[in-house]
Amino acid sequence: MELQAVLMAAGGGSRMTDLTYNTPKAMLPVGNKPLIWYPLNLLERVGFEEVIIITTKEVQKMMSMDPKIKVEVKMKLDVVCIQEDGDMGTADALRHIQQKIKTDILVVSCDLITDVALHEVVDLFRAHNATLAMLMSKAHEFTETVPGQKGKKKTAEQRDFVGVDQSGQRLLFMANEADLEDGLSLRKSVIRKHPRMHIRTGLVDAHLYCLKKAVVDFLSENKSISSIRGELLPYLVRKQFSKTANNEKIKDDCEDQTQKKSSTGDEVFISSRDESLLQRAQELSCWNDHRGDMSEAYHGGKLRCYVHIMEQGLCCRVNTLAAYIEANRLPFLGRCKPAVHPSSAISERCQMGSDSIIGALCQVADKTSIKRSTIGNSTTVKEKVKIANSIIMHGVTIEEGCNIQGSVICSNAVIGRGADLKYCLVGSGQRIEPEGETLQLRL
């Protein structure tokens with residue numbers, strides 16, 4: 001691959017602290033696989049042979065011991081650890097690994113689960129020699145009841161306003177509702193070049209970006225930018241139609257990169273004569289990227305941002321408790337083979353739905369019922385237990401006679417005999433007393 005893959009896996013999961021108190025977000029089990037396994041699998045399926053993983057020492061240690069990653073991931077993992085207590089944003093993380101970046105990059109978040117045809121984003125990046133190409137999808141409405149909340153609580157996140165051209169691919173405008181105190185205003189420089197713009201809402205940033213190497217070099221010199229999503233992206237989108245010193249710097253770097261091609265390992269430089277011929281050919285070309293005028297392609301802009309919007313298919317960011325629960329209900333999880341790990345001991349008198357998954361080294365006793373649930377590794381389920389619409393993480397013990405519905409039980413918890421749990425979140429290592437009855441609680 002001509003792109004270097006960078007996987008961001010240092011986030012602490014601040015929006016789902018009930019789950020990440022003892023388990024880093026990257027290692028939370030989804031369908032009995034660590035969350036980070038899904039973007040790794042995505043990259044491996046499209047041909048990447050190496051990925052730079054920016055994470056913490058805790059995640060690195062857990063990855064080195066996880067059987068799914070050790071056995072199923074064949075790529076070379078170049079793990080770069082950062083301080084766990086450091087206030088380092090995603091742009092800071094890119095700046096931290098600048099010396100490792102030799103080409104343009106593909107940045108992916110560890111909490112992304114998607115079946116996107118990745119080449120559609122990469123091809124968009126290549127075809128337009130873009131500075132940025134990103135993935136967005138339609139916002140997903142969560143339908144599952146969240147433990148500890150009454151009813152189906154809707155997220156109160158503020159909307160993003162995304163402006164695209166007639167093709168739906170050129171990214172012209174991006175702003176969050178929180179930043180639009182005085183209303184939505186568009187710059188004249190944008191309107192002059194793109195008189196027709198479609199403003200869209202209801203889109204979610206998948207945190208998957210193709211970026212020019214020049215952008216990483218730019219970050220190394222502009223240390224005030226800390227976040228890719230919150231600061232760098234709006235900056236690049238805005239600067240497409242601005243003539244400032246910083247804009248020229250990125251454009252010059254991009255131009256320098258386009259003059260270097262590396263197919264055999266040797267650098268071939270385009271001479272000034274060849275460059276003038278290429279420019280003349282572009283000027284005489286009957287093709288351009290817009291309609292309604294005869295201006296040159298891209299209106300002469302060297303800094304270009306594009307977006308691929310997934311209208312259909314799976315694209316889920318597991319960054320909230322509601323999203324985590326929904327991810328464990330995704331239809332593709334039901335296609336895991338085998339649904340019951342061969343090392344587990346399941347009683348013949350256990351009623352298990354086809355939409356459930358049981359991990360390795362589990363013990364499930366007589367007269368149990370498991371429906372639409374995920375049972376983690378090394379979990380013990382004793383007699384006469386009913387589990388429905390629940391997520392049971394690793395190492396949990398469920399005593400006889402329990403009824404668990406719509407709940408999340410974190411690792412190493414113990415559910416006492418006869419307990420009745422409905423829409424509860426039980427924290428890691430917690431113990432529910434025998435005959436206990438809890439409704440919509442977080443413990």
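Leu208 CG to Arg317 CZ: the interatomic distance, rounded to the nearest 0.5 Å, is 11.0 Å. For the atom pair Asn377 CG and Ser343 OG, the distance stands at 7.5 Å (nearest 0.5 Å). We find the CG-CG distance between Leu42 and Asp115 to be 9.5 Å, quoted to the nearest 0.5 Å. With values rounded to the nearest 0.5 angstrom, Leu233 atom CG is found 11.5 Å from Arg238 atom CZ. With rounding to the nearest 0.5 angstrom, the CG atom of Leu186 is 10.5 Å from the CZ atom of Phe241. Put simply, SG on Cys210 and CG on Leu106 are 5.0 Å apart, with the number rounded to the nearest 0.5 Å.
Between Leu112 and Cys315 the shortest side-chain heavy-atom distance falls below 4.5 Å. Contact check for Leu77 versus Val51: side-chain heavy atoms found under the 4.5 Å cut-off. No side-chain heavy atom of Cys362 sits under 4.5 Å from any side-chain heavy atom of His341. Taking 4.5 Å as the limit, some side-chain heavy atom of Ile101 sits within range of a side-chain heavy atom of Ile52. The side-chain heavy atoms of Lys239 and Val237, taken from C-beta on, include no pair separated by under 4.5 Å. Taking 4.5 Å as the limit, some side-chain heavy atom of Ile113 sits within range of a side-chain heavy atom of Val318. The shortest distance between side-chain heavy atoms of Ser220 and Gln98 falls below 4.5 Å. Using a 4.5 Å heavy-atom cutoff, the side chains of Leu28 and Met16 are in contact.
When the salt bridge (Lys or Arg N to Asp or Glu O under 4.0 Å) test is applied to Lys138, the partners found at least two apart in sequence or on another chain are Glu311. When the side chain to side chain contact (heavy atoms under 4.5 Å, CB included) test is applied to Val340, the partners found at least two apart in sequence or on another chain are Ser344, Ile346, Met352, Ile358.
Proximity of a side-chain donor or acceptor of Thr368 to a complementary backbone N or O of Val364 within less than 3.5 Å is not detected. No donor-acceptor distance shorter than 3.5 angstrom exists from the side chain of Ser356 to the backbone of Thr374, with no hydrogens or angles considered. Judged by distance alone, the side chain of Gln4 and the main-chain N or O of Thr103 form a donor-acceptor pair under 3.5 Å. A donor-acceptor pair under 3.5 Å is formed between the side chain of Ser373 and the backbone N or O of Asn389. Side chain of Arg95 to main chain of Leu219: a donor-acceptor pair is present (N/O by atom type, distance under 3.5 Å, no hydrogens or angles). Listed for the Asp111 side chain is no donor-acceptor partner under 3.5 Å among the backbone atoms of Asn319. Under a 3.5 Å cut-off, the side chain of Glu231 and the backbone N or O of Ser227 do form a donor-acceptor pair. At distances below 3.5 Å, not a single donor-acceptor pair connects side-chain atoms of Thr201 with backbone N or O atoms of Arg159. Side-chain atoms of Thr379 come within 3.5 Å of backbone N or O of Gly376 as a donor-acceptor pair. The backbone N or O of Lys33 lies less than 3.5 Å from no partner atom in the side chain of Tyr38, so there is not a single donor-acceptor pair.
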Give the C-alpha distance, both sets of side-chain angles, the deciding distance and a yes or no for side-chain contact (heavy atoms from CB on, under 4.5 Å) between Ile387 and Ile375.
CA-CA 10 Å; Ile387 303 173; Ile375 310 297; 4.0 Å; yes

Please test Asp355 against Lys371 for salt bridge (charged side-chain N to carboxylate O under 4.0 Å, His left out), starting from the C-alpha separation and ending with a verdict.
CA-CA 7 Å; Asp355 50 5; Lys371 298 180 179 178; over 6 Å; no

List the steps, then state whether side-chain contact (heavy atoms from CB on, under 4.5 Å) holds for Ile415 with Thr397.
CA-CA 6 Å; Ile415 311 301; Thr397 299; over 6 Å; no

Worked verdict on Leu124 versus Glu120 for side-chain contact (heavy atoms from CB on, under 4.5 Å)
CA-CA 6 Å; Leu124 197 62; Glu120 294 185 349; over 6 Å; no

Verify salt bridge (charged side-chain N to carboxylate O under 4.0 Å, His left out) between Asp160 and Arg229, making sure each step is shown before the conclusion.
CA-CA 12 Å; Asp160 282 325; Arg229 176 64 181 88; 2.7 Å; yes

Between Met75 and Leu40, does the side-chain contact (heavy atoms from CB on, under 4.5 Å) criterion hold? Intermediate values first, please.
CA-CA 8 Å; Met75 286 189 300; Leu40 286 173; 3.8 Å; yes

Criterion side-chain hydrogen bond (donor to acceptor under 3.5 Å, both in side chains) on Ser224 and Asn222, from CA distance to verdict:
CA-CA 6 Å; Ser224 60; Asn222 293 266; 5.6 Å; no

Is there a ring-ring contact (aromatic ring centres under 6.0 Å, His included) between Phe218 and Tyr235 once you walk through the steps?
CA-CA 12 Å; Phe218 167 77; Tyr235 178 87; 5.4 Å; yes

Residue pair Ser428, Asn412: steps toward the side-chain hydrogen bond (donor to acceptor under 3.5 Å, both in side chains) verdict:
CA-CA 6 Å; Ser428 178; Asn412 303 313; 4.7 Å; no

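The two residues Ser390 and Arg329 come nearest to each other via the heavy atoms N-NH2, 3.6 Å. Ala26 approaches Val59 most closely through the heavy-atom pair CB-CG1, 4.2 Å. Between Ala91 and Ile225 the shortest heavy-atom distance is CB-O, 3.7 Å. Heavy-atom minimum distance, Glu58 versus Asn22: OE2-O, 4.1 Å. Asp205 approaches Met136 most closely through the heavy-atom pair N-CE, 3.8 Å. The shortest non-hydrogen separation linking Val426 to Ala413 is CG1-CB, 4.0 Å.
A salt bridge between Lys213 and Asp104 is absent, with no side-chain N of the basic residue lying under 4.0 Å from a carboxylate O of the acidic one.
When the shell of 6.0 Å around CZ of Arg196 is examined, it contains 12 or fewer heavy atoms from other residues, nucleotides or ligands.
Between the side chains of Lys212 and Asn129, a donor-acceptor pair is found at a separation under 3.5 Å.
Checked against the 6.0 Å centroid criterion, the rings of Tyr209 and Phe125 do not qualify as a close aromatic pair.
Applying the side chain to side chain donor-acceptor pair (under 3.5 Å) test to pairs two or more places apart or on separate chains, those with a residue in residues 63-80 are Trp37-Glu72, Lys68-Glu72, Asp78-Lys100.
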